[in-house]
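Notes follow the structure.
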Amino acid sequence: MHRRDFLLRGVAAGAGFLASPGLNGEQGSVARARTPIIISTWRFGEAANKEALSVLVEGGSVLDAVERGVMTAEANPAISSVGYGGLPNREGEVELDAAICDGETQDAGAVCALTGYRHPVQVARKVMEESPHLILVGKGATSFARAQGFDAQETLSDGAREAYQKWREKHPKADGQPEGHDTLGQVVMSSSGAIAAACTSSGMAWKLAGRVGDSPIIGHGLYADNQVGGCVATGVGEEISKICGSFLVVELMRRGATPDQAIEEALDRIIGRVPANRSIQAAFVALRRDGLTGAGSIGSGFQYAVTRDTETRIVNVEPRVQEG
Ligand code: GLY
């Protein structure tokens, strides 16, 4: 059986998913000539999308685009959850997580708890391309970054240092709850249908040293498959990881779900198992290879950036759990 026939049968025989884009979804470009489509989590995804698009326009690959795209947030000290500007762990050290995934081959690279380098996504890409490994952590990741020729830089911004000092005044024993987790995740699809995804995050503020969230774990924070689409996550990494969130969304789309439907199912698994999860934040954005995009969020206030036909706009996402 041809692959296309198989996929169509899969859709017909699938879990009864509807064919509509859904509440947060956008109609794809199936009937039109293909143009690049880029989606990113949060409002700061707008700058990331514009950068990724310019890389594609200049002839760069989807991996180049997604890497350079998320680097915009890593370089911005005003963003307190990513790269330089990211809030530190409870010992006052910024530990960065990032990963990149190639939808053609599922080749991927990741770094966890990287210190001393502002662009963990660049190091993650080197892990993918220049090492025999998938993930490097902590000191090993730092040594690898140095060996690859990256320049070490201060990663604790003035704003993050000040925020940490205030937190320590309130928590002299450094024993409070971790907070915040606005990962930048991006999925890029080129006009030829090549897909790549990347995530970058400083993880939860005031986390235990060495804590790793979903963002650098392939299939949890990100996943891409040219045959299906891509997905990235943001929110409480522990809960996203427990359901292998991004892989789950892509696999549901493989079986015929729209991005919105697949994400709804993933979010329902997070809140279905543990009622307390109704008050956490977890969100996904996904792109299907036919151009359909979608998003879903447990909590309110989630936005994502969509770029298609060279136009970038911010979409407000209705929360899955209504307040009150
Ligand atoms: N989603 C990012 C984290 O939990 O670290």
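Remember, it's 1-based here, ligands and their atoms both numbered in the order they're listed.
- For ligand 1, the polar-atom distance check finds an N/O of G235 within less than 3.5 Å of one of the ligand's N/O atoms.
- Atoms of ligand 1 lying under 4.0 Å from any heavy atom of S215, numbered from 1 in the order shown and given with element: 1 (N), 2 (C).
- Taking every non-hydrogen atom of G203 and a distance limit under 4.0 Å, the qualifying atoms of ligand 1 come out as 5 (O).
- Residue-environment remark: CD (Q153) exceeds the threshold of 12 foreign heavy atoms within 6.0 Å.
- Checked by distance only, ligand 1 and D214 come closer than 3.5 Å through their nitrogen or oxygen atoms.
- Crowding of E58 atom CD: a count of heavy atoms from other residues, nucleotides or ligands under 6.0 Å exceeding 12.
- Considering backbone and side-chain atoms together, G237 places an N or O closer than 3.5 Å to an N or O of ligand 1.
- In this structure, the side chains of R273 and I243 come closer than 4.5 Å at one or more pairs of heavy atoms.
- The shortest side-chain heavy-atom distance between F302 and P319 does not fall under the 4.5 Å cut-off.
- Shortest contact from atom 2 (C) of ligand 1 to any protein heavy atom: T183 OG1, 3.0 Å.
- Among protein heavy atoms, the minimum distance from atom 5 (O) of ligand 1 is reached at R211 NH1, 2.6 Å.
- Residue-environment remark: CZ (R168) exceeds the threshold of 12 foreign heavy atoms within 6.0 Å.
- Ring pair F150/Y117 is perpendicular by interplanar angle, where above 60° counts as perpendicular and below 30° as parallel.
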